[in-house]
Peer 1: 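Got a structure for you, written out below as structure tokens; questions coming shortly.
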Protein chains: 2
Amino acid sequence: MTLRERKKLRTRAAISEAAISLFIEHGFDQVSITQVAEAADVSRRTLFAYFPTKEDLVVHRFADHEDEPARVVRARPAGQSPLTALREHYLDALHAQDPMTGLTDVPEVLHLYDLLRSTPQLMARMLQFNETSETQLAAALHETADTAELPARLAAAQIVSVQWTLSIANYDRALAGARADDAYPAAAAAANQAFDLLAGGLGGLWPSTPLP
Amino acid sequence: MTLRERKKLRTRAAISEAAISLFIEHGFDQVSITQVAEAADVSRRTLFAYFPTKEDLVVHRFADHEDEPARVVRARPAGQSPLTALREHYLDALHAQDPMTGLTDVPEVLHLYDLLRSTPQLMARMLQFNETSETQLAAALHETADTAELPARLAAAQIVSVQWTLSIANYDRALAGARADDAYPAAAAAANQAFDLLAGGLGGLWPSTPLP
DNA sequence: GTGCAAAAGTAGACTAAGTGCAGAGTAGCA
DNA sequence: TGCTACTCTGCACTTAGTCTACTTTTGCAC
């Protein structure tokens, strides 16, 4: 890796770190791009060369996870169902306290998540990530699991939104003060329940004719 | 209704119509707020009194549907499962060619939809609607169907994303040129398949051990 | 009808995100 | 050492959205 490339990476990281710590301290809307540029010691124009929008200063950190579900499905062992692969992957991530799951004690991650949750513009960008995640997962299901296009899209939509719901719930518990180790058993149980629901359907939740 | 109120409604409609027809003709990003205000014959400042953001000029038309799933669940006949109520409601809407389903021939609706699909900012706003829709549905399920909080949230997430996926698919077929009457049978079949999948789960899609 | 308080609309200045451009600095390589 | 390509910068510009102070219109009491 050349000096030029290394320098670019360092500049990028410096800008993002300056931005996030300012946003966490003062709030997303209370900090201007100009202030971020000053804190990172670059010009405004350079900042925009690295990050096309203010939101990207924050959410670019999640861009790597966009295609994770699709990758998991494509990389699953022969004979394993896509849903099983995704379930195991999610439970492994929980066990490893991967930030993606929302189960974490790392203060920086919690602060960052707090920022996301309290800034609608950032949440909107996260939802867009979910959408591409869903599209890619649908393609992976269609191509590798002998699934017709519509069911693949429907399944992908369900899976992505369920994983998102699980992670949100975990983060909210963490922000409410739960320690990750303490929250783990409930989080794992919730994940299992969620994947059971995905596999077995909502039918079981509501018997068509309840007790009189 | 007083003159003042009637006038406000007319002004609001005039602004929105001017905006949408300009956006459809030239594209969302190619038309400025100032141009919309001029076309609607109001000042820029007045426009912002009616619509807080440029996106709202378009998406406010969908705001009424936000709480539709929750309403359907709350209004279902005694003894009917929430999922059955939602399924029937969606199939009725399809049959009536409700714009919400994406099954329509009304040119204005199709153009409007084309605008949404081709403008990421507008799609992002629509996804935010979905999120509040989901939250309200979860509350309705929790309160009226004896469902615990987590399963209610998970189910709501699945249902809303599945309905959205169905409607998107219908709209895309319509934009590809399909007439609503011709597309109806396939759309109804797709909806039934989707709700079957919701009720019965994804387990049936992928037998855990496929043929060798 | 006339007058008055409240609501609605307007003008214009202001902030901040994001873009385009033309020039200065710096890395890579001969 | 010097050439070339990449990167950074300053500055002017557009546009979304806000703030404030002022005018017009409406509803209503008389």
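Values below: all heavy atoms of this structure, side chains included; hydrogens, waters and symmetry mates excluded. Just so it is clear: chains get the letters A, B, ... in the order the sequence lines come, proteins before strands, and each one is counted from 1.
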Peer 1: Taking the ring centre of each residue, are B:H95 and B:Y184 less than 6.0 Å apart?
Peer 2: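 Between B:Y184 and B:H95, which both carry aromatic rings, the centre distance is below 6.0 Å.
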Peer 1: Whole angstroms only, please: what is the CZ-C1' distance between A:F48 and C:dC21?
Peer 2: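 It works out to 16 Å between those atoms.
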Peer 1: When you measure from the side chain of A:R44, which nucleotide among C:dT10, C:dG18, D:dG17 comes out closest?
Peer 2: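 Comparing C:dT10, C:dG18, D:dG17 against the side chain of A:R44, the answer is C:dG18.
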Peer 1: Nearest to the side chain of B:T46 - D:dG17, C:dA27, C:dG9?
Peer 2: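 Side chain of B:T46 sits closest to C:dG9.
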Peer 1: Which residue lies toward the 5' end of DNA chain C, B:K8 or B:R45, if each is placed at its nearest nucleotide?
Peer 2: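 The answer here is B:K8.
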Peer 1: B:R10 has an atom CZ; how far is it from atom P of D:dT25, in whole Å?
Peer 2: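 Spelled out: CZ on B:R10 to P on D:dT25 is 14 Å.
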Peer 1: Tell me: CG of B:D56 to P of D:dA16, nearest whole Å?
Peer 2: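 Roughly 14 Å, once rounded to whole Å.
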Peer 1: It should be established whether B:Y50 places a side-chain nitrogen or oxygen under 4.0 Å from OP1 or OP2 of nucleotide C:dA8.
Peer 2: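 No, because none of the side-chain N or O atoms of B:Y50 sits under 4.0 Å from OP1 or OP2 of C:dA8.
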Peer 1: A:D29 CG to D:dA16 C1': how many Å, rounded?
Peer 2: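 Distance check: A:D29 CG to D:dA16 C1' gives 14 Å.
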Peer 1: Which whole-number value in Å describes the distance from B:L47 CG to C:dA8 C1'?
Peer 2: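 One finds 14 Å between C1' of C:dA8 and CG of B:L47, rounded.
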Peer 1: Take B:S43 and B:R4, find for each the nucleotide of DNA chain C with the closest heavy atom, and name the residue whose nucleotide sits nearer the 5' end.
Peer 2: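 With B:S43 and B:R4 compared, the 5'-side residue is B:R4.
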Peer 1: In whole angstrom, give the distance that lies between atom CD1 of B:I33 and atom P of C:dG12.
Peer 2: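 From B:I33 CD1 to C:dG12 P: 19 Å.
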Peer 1: Would you kindly give the NZ-to-C1' distance between A:K7 and D:dT7, to the nearest whole Å?
Peer 2: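 To the nearest whole Å, that distance equals 9 Å.
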Peer 1: Main chain of B:D105, side chain of B:R179: is a donor-acceptor contact present, judged purely on distance under 3.5 Å?
Peer 2: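 Judged by distance alone, no pair lies under 3.5 Å.
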Peer 1: Rounded to the Å, how far apart are A:Q121 CD and C:dA16 C1'?
Peer 2: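 Interatomic distance, CD of A:Q121 to C1' of C:dA16: 12 Å.
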Peer 1: Remember a base hit wins even if backbone is also touched, and classify A:S32 as base, sugar-phosphate or nothing at under 4.0 Å, heavy atoms.
Peer 2: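 Sugar-phosphate, backbone atoms only, no base.
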Peer 1: Just call it for B:F51: base, sugar-phosphate, or nothing, with non-hydrogen atoms closer than 4.0 Å on any strand.
Peer 2: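 No contact.
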Peer 1: Can a salt bridge be assigned to the pair A:D182 and A:R173 using a cut-off of 4.0 Å between side-chain N and carboxylate O?
Peer 2: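 Result for this pair is no, no salt bridge flagged.
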Peer 1: Taking the cut-offs as 6.0 angstrom to the six-membered ring centre and 45 degrees off its axis, would you call A:K54 and A:F48 a cation-pi pair?
Peer 2: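 Checked: cation-pi criterion not met.
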Peer 1: Whether A:R74 and A:E143 form a salt bridge (side-chain N of Lys/Arg under 4.0 Å from carboxylate O of Asp/Glu) is what I want to check.
Peer 2: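 Looking at A:R74 together with A:E143, the answer is yes, because their closest N to O distance falls below 4.0 Å.
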